[in-house]
Amino acid sequence: MRFRHLGLPVRDRELSRAFYAKYFGFAVGKATEYPDDTLIIRSGDGFDLALHPDPEHGKAPDFLHFGFACETREEAGEMLERLRADGVEIVEECDEPTLFSFKCLDPDGYRVEVYWESL
């Protein structure tokens with residue numbers, strides 16, 4: 001059994017789609033739209049995000065987050081700089097000998113973690 005998808009209520013489905021495609025590799029061409037207006041976008045490694053329009057959804061609790069693991073500390077650092085340069089809000093950073101991580105906010109205010117961890 002594997003964790004294969006996450007459903008997110010979003011205010012603007014296309015804005016969220018563009019964000020996850022640009023920064024996290026969710027292919028624009030690999031999308032499926034359903035009659036309830038849910039759009040499923042897929043990453044190269046088979047993870048699906050189900051983006052469901054909900055213009056009135058409230059703020060998520062601060063602890064609620066999901067993460068993307070990087071192969072190297074450098075990869076995570078480069079992503080941090082790329083997001084920062086593009087004006088994406090960074091809300092948390094951690095730089096320790098065995099862990100480099102940060103959390104940014106997606107267009108709906110969800111906390112997205114990017115990290116490298118030496119196991």
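Side chains are part of it too, since the values below use all heavy atoms of this structure and drop only hydrogens, waters and symmetry mates.
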Check against side-chain hydrogen bond (donor to acceptor under 3.5 Å, both in side chains), Arg11 and Ser16: CA-CA 8 Å; Arg11 288 182 205 56; Ser16 294; over 6 Å; no

Verdict with reasoning, Ser101 to Val114, per side chain to side chain contact (heavy atoms under 4.5 Å, CB included): CA-CA 6 Å; Ser101 73; Val114 176; over 6 Å; no

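- Side-chain N/O atoms of Asp106 and Tyr23 include no donor and acceptor closer than 3.5 Å.
- Side-chain rings of Tyr115 and Phe102 stay apart, their centers remaining 6.0 Å or farther from each other.
- Between Leu105 and Val91 there is a side-chain heavy-atom pair separated by less than 4.5 Å.
- Looking at Leu51 and Arg17, their side chains come closer than 4.5 Å, going by heavy atoms from C-beta outward.
- Within a 6.0 Å radius of NE2 in His57, more than 12 heavy atoms belonging to other residues, nucleotides or ligands are found.
- One hydrophobic cluster, built from ILVMFWY side chains closer than 4.5 Å, cannot hold both Leu15 and Leu83; they sit in different ones.
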Full working for side chain to side chain contact (heavy atoms under 4.5 Å, CB included) between Lys22 and Asp86: CA-CA 11 Å; Lys22 180 176 182 177; Asp86 286 352; 3.3 Å; yes

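- Within a 6.0 Å radius of CD in Glu81, other residues, nucleotides and ligands contribute more than 12 heavy atoms.
- Remark: the backbone N or O of Pro97 is paired with a side-chain donor or acceptor of Arg73 at under 3.5 angstrom.
- Proximity of Glu93 to Leu80: side-chain heavy atoms (C-beta onward) are separated by under 4.5 Å at one or more points.
- Checking Arg13 against Thr38 by side-chain atom types alone, no donor-acceptor pair falls below 3.5 Å.
- Of the possible donor and acceptor atoms, none in the side chain of Asp108 sits under 3.5 Å from a partner among the backbone N and O of Tyr110.
- A heavy-atom distance below 4.5 Å is found between the side chains of Phe24 and Val112.
- For the pair Arg111 and Glu89, the salt-bridge criterion is not met [side-chain N within less than 4.0 Å of a carboxylate O].
- Two residues are said to be in side-chain contact when any heavy atoms from C-beta on lie closer than 4.5 Å; Leu8 and His52 fail this criterion.
- A perpendicular orientation is assigned to the rings of Phe47 and Phe26, their planes being inclined by more than 60° (bins at 30° and 60°).
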